[in-house]
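Have a look at the structure below before the remarks.
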Protein chains: 2
Amino acid sequence: MRREEPLTRSSQDYLEAILNLSEREQNVRITDLANHLQVTKPSATGMVKVMSKQGLLQHDKYGPIQLTEEGAKQAHLVRQRHRALKDFLVHILGVPHKTAEKEACLMEHSISMDTSERLYLFLRENLTK
Amino acid sequence: MRREEPLTRSSQDYLEAILNLSEREQNVRITDLANHLQVTKPSATGMVKVMSKQGLLQHDKYGPIQLTEEGAKQAHLVRQRHRALKDFLVHILGVPHKTAEKEACLMEHSISMDTSERLYLFLRENLTK
DNA sequence: CAATTATGTTAGGATTGACTAACATCAGAA
DNA sequence: TTCTGATGTTAGTCAATCCTAACATAATTG
């Protein structure tokens, strides 16, 4: 059972948000998600429905949201890219945290796994930490 | 007469394409633009119409496309970002040209002028060239 | 100049992802 | 348990951007 549809910008954002939220609270709800992503609840409901159909998460009416195995896997990849980009912006370029956060959020959808890994290695070598 | 509407992803792509094309041929036509951006001619016509209304370019029915002063200014900024990103990907990370081109194209919409300038400086210092 | 080919436009839809308004359900307090 | 406020869903829109099919104009060439 392979995933066909590529992740959209939006679904990546949703995945990452759900992953982050699920590490802080044991139940991720539509409202949390909507707040986190700055969208309205109906928007979150709609997207969750789509992602559920794509097998990225599990959600029953009025219930909590849970990533599937596939969803979690993808979410981790997305987050890894996000972090690498943010680290680059903050620690290499000196971009302020807030801006870096915002821009990493946008950029993360544009880079391939390969590039993400290269960035990762680059950071390893250049972050005196 | 200031511009209100922020540039969208698409309009940035169009601006950059028009700028590049206009440096190679003295007349930029709808078809060139459509080919360059891999969209159909009706799509190009439509977007050109919108951008014309926004004062980014000038275009009469069946005529050539020309950037306005404002459009050209924006186009240069977009292209500068694009180039900085591509250079980074190719020369710092070692991403293959083709991939770098594609990804720079996507990323360029996500970074601010400020970040773009930082990247520029970083490249100056780190490209032994 | 007439016919053909290249170029451009219009009309009509599809899709993505957001929104508001209104309704439904749930959970905690009186 | 009933009421109420928090949470979730449905229905209906909207805007951006793309598309295809069909038509219109321009340019080239026999």
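Since the structure is predicted, the reported quantities are computational estimates derived from the model, not experimental observations. Numbered from 1 within each chain, the chains take letters A, B, ... in sequence-line order.
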**Request:** Sequence neighbours left out, what passes salt bridge (Lys or Arg N to Asp or Glu O under 4.0 Å) with A:Lys73? Give chain and number order.
**Result:**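 Salt bridge (Lys or Arg N to Asp or Glu O under 4.0 Å) list for A:Lys73, sorted by chain: A:Glu70.
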**Request:** Check salt bridge (Lys or Arg N to Asp or Glu O under 4.0 Å) between B:Glu101 and all other residues, then give those that pass, not counting sequence neighbours.
**Result:**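 Salt bridge (Lys or Arg N to Asp or Glu O under 4.0 Å) check on B:Glu101 returns B:Lys86.
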**Prompt:** Does anything in residues 49-68 of chain B pair up under salt bridge (Lys or Arg N to Asp or Glu O under 4.0 Å), and if so which pairs, sequence neighbours excluded?
**Reply:**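 Non-adjacent pairs meeting salt bridge (Lys or Arg N to Asp or Glu O under 4.0 Å): zero.
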**Item:** Selection: residues 17-25 of chain A, any non-hydrogen atom under 4.0 Å of DNA chain C
**Value:**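 Hits under 4.0 Å, by residue number: none.
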**Prompt:** Of all residues at least two apart in sequence or in a different chain, which pass the side-chain contact (heavy atoms from CB on, under 4.5 Å) check with A:Pro64?
**Reply:**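 Checked A:Pro64 against side-chain contact (heavy atoms from CB on, under 4.5 Å); matches are A:Asn27.
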**Request:** Could you tell me which residues satisfy side-chain contact (heavy atoms from CB on, under 4.5 Å) with B:Glu125, sequence neighbours excluded, listed by chain and number?
**Result:**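 If we apply the side-chain contact (heavy atoms from CB on, under 4.5 Å) test to B:Glu125, skipping adjacent residues, there are no hits.
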**Asked** Between A:Arg81 and A:Glu16, is there a side-chain N and carboxylate O pair less than 4.0 Å apart?
**Response**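 A:Glu16 and A:Arg81: not salt-bridged.
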**Request:** Show your reasoning for whether side-chain hydrogen bond (donor to acceptor under 3.5 Å, both in side chains) applies to B:Thr115 and A:Glu103.
**Result:** CA-CA 9 Å; B:Thr115 299; A:Glu103 297 186 4; 2.7 Å; yes
Whole angstrom is fine here: how far is it from [atom1] in [X] over to [atom2] in [N]?
X	N	atom1	atom2	value
A:Leu33	D:dT9	CG	C1'	15 Å
B:Leu7	D:dT17	CG	P	11 Å
A:Ile30	C:dC19	CD1	P	13 Å
A:Arg9	C:dA18	CZ	P	12 Å
A:His59	D:dT7	NE2	P	14 Å
A:Leu15	C:dG17	CG	C1'	16 Å
A:Asn35	D:dG8	CG	C1'	13 Å
A:Gln12	C:dG17	CD	P	11 Å

[N] phosphate, OP1 or OP2, under 4.0 Å from [X] side-chain N/O:
X	N	value
A:Thr45	D:dT9	yes
A:Lys49	D:dG8	no
B:Thr8	D:dT17	yes

**Request:** Quick one, give me the B/S/- string for nucleotides 18-27 of chain D, reading 5' to 3', where B means a protein heavy atom under 4.0 Å from the base and S means that only happens at the primed atoms, P, OP1 or OP2.
**Result:** SBBB---S--
**Asked** Which residues pass the ring-ring contact (aromatic ring centres under 6.0 Å, His included) test with B:Phe88, sequence neighbours left out?
**Response**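 Once residues adjacent in sequence are excluded, the partners of B:Phe88 under the ring-ring contact (aromatic ring centres under 6.0 Å, His included) criterion are A:Phe88.
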**Message:** By the ring-ring contact (aromatic ring centres under 6.0 Å, His included) test, which pairs, at least two apart or in different chains, include something from residues 18-73 of chain B?
**Reply:**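 Listed by first then second residue: nothing to list.
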